[in-house]
Amino acid sequence: MPLDYNHLTPSEAVAIQKELRQQLDLSPLQKEITTIGGADISFNKYSTTVYAGIVVLQFPSLQVVETKAVVDITEFPYIPGLLAFREVPALSKAWEALTTKPDVLVLDGHGIAHPRRMGIATHFGLVMQTPTIGCAKSVLAGKYTDPHKEPGSYTDLIHHNEVIAKVLRTKRNVKPVFVSPGNLISMQQSLDIILQCVRKYRIPEPTRFAHNFVNEERRKYMSEVGK
DNA sequence: GCGACAG
DNA sequence: ATCTTGTCGC
């Protein structure tokens, strides 16, 4: 049965995070990576309709092999620290619809770089029992010093004396991105994989493609129907 | 109590 | 996140 977090109160959501967290496994992924996925959500401001999508790419060539999108309704609001309760249900449906489950999935948001180590990538990885990586565009928790300006340089994002993410400069003269493991993968592997996914833009290809894809789906759906 | 705060 | 064209800067 599909996930339904719609009628949860924030404190109930936090309780679920603390429960799920006990199953977290950040040991190195043994399997060789042949495919990688990118997941994202798009929606119209003030609307509860969300468009969730996942793009599967060949790795390391990054050629797209499959795309899947679903339209869903989300009642849960955006609350910093509880993003997963708003987006994971819809993303799970897109995941189930995939013909090819990627070896690892990159989500638009944090993995363990979260106040309770339960960012959206970690949450999704625990619920779906699959390897995930979080790649966020801004920080939610922790402190860091700016990485050098050379592409590929990085520093540590630290929270309560723990390294919770790598602050990575993907391109010259752009803000860094925050890479952290979600579940079933290590911090070092997460960083290595994301580095191999950087091409011409600041955002690594998996999430960049997913972002473009869900936006296209949203506009297409709005013109076909009217909502 | 005050400030911060993924998408 | 989303609404949006041109434009300043490396």
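So that the names make sense, note that chain A is the first sequence line, chain B the second, and so on, each numbered from 1. Note: hydrogens, waters and symmetry copies are ignored here, and every other heavy atom, side chains too, is used. Bear in mind that the values here come from a model prediction, so they are computed numbers and not experimental data.
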| said: Between F76(A) and F85(A), is the ring centroid distance below 6.0 Å? | reply: yes
| query | Is any side-chain N or O of R218(A) closer than 4.0 Å to OP1 or OP2 of dC3(C)? | reply | yes
| message | Both atom distances under 3.5 Å, Watson-Crick or G-U wobble: I'd like the secondary structure of DNA chain B as a dot-bracket string, with | for pairs made across strands. | response | .......
| Donor-acceptor under 3.5 Å (D103(A) side chain, T34(A) main chain) | yes
| said: Please determine whether a side-chain nitrogen of the Lys or Arg among E96(A) and K93(A) lies less than 4.0 Å from a carboxylate oxygen of the Asp or Glu. | reply: no
| Does N215(A) put a side-chain nitrogen or oxygen below 4.0 Å from OP1 or OP2 of dA1(C)? | no
| said: Donor-acceptor check, side chain of H114(A) to backbone of G81(A), threshold 3.5 angstrom: yes or no? | reply: yes
| task | Take the protein atom NZ of K171(A) and the nucleotide atom C1' of dC10(C), then report the distance between them rounded to whole Å. | result | 14 Å
| said: Using a 4.0 Å heavy-atom cut-off, does H211(A) contact any base of the nucleic acid, only the sugar-phosphate backbone, or nothing at all? | reply: sugar-phosphate
| In whole angstroms, how far is the C1' atom of dC3(C) from the CZ atom of R219(A)? | 10 Å
| task | Could you point out which residue of V50(A), L107(A), V70(A) forms a side-chain contact (heavy atoms from CB on, under 4.5 Å) with L91(A)? | result | L107(A)
| Hey, does the side chain of S42(A) come within less than 4.0 Å of dA1(C)'s phosphate (OP1/OP2), counting only N and O? | no
| Neighbour count above 12 (heavy atom, 6.0 Å) for E150(A) CD | yes
| query | Side chains of N215(A) and S42(A): donor-acceptor distance under 3.5 Å anywhere? | reply | yes
| Once you round it to whole Å, what is the distance between C1' of dC8(C) and CG of N173(A)? | 13 Å
| query | Quick one: does E87(A)'s side chain have a donor or acceptor within less than 3.5 Å of a partner on I120(A)'s backbone? | reply | no
| task | Let me have a per-nucleotide readout for nucleotides 2-7 of chain B, 5' to 3', with B, S or -, counting only protein heavy atoms under 4.0 Å. | result | ---BBB
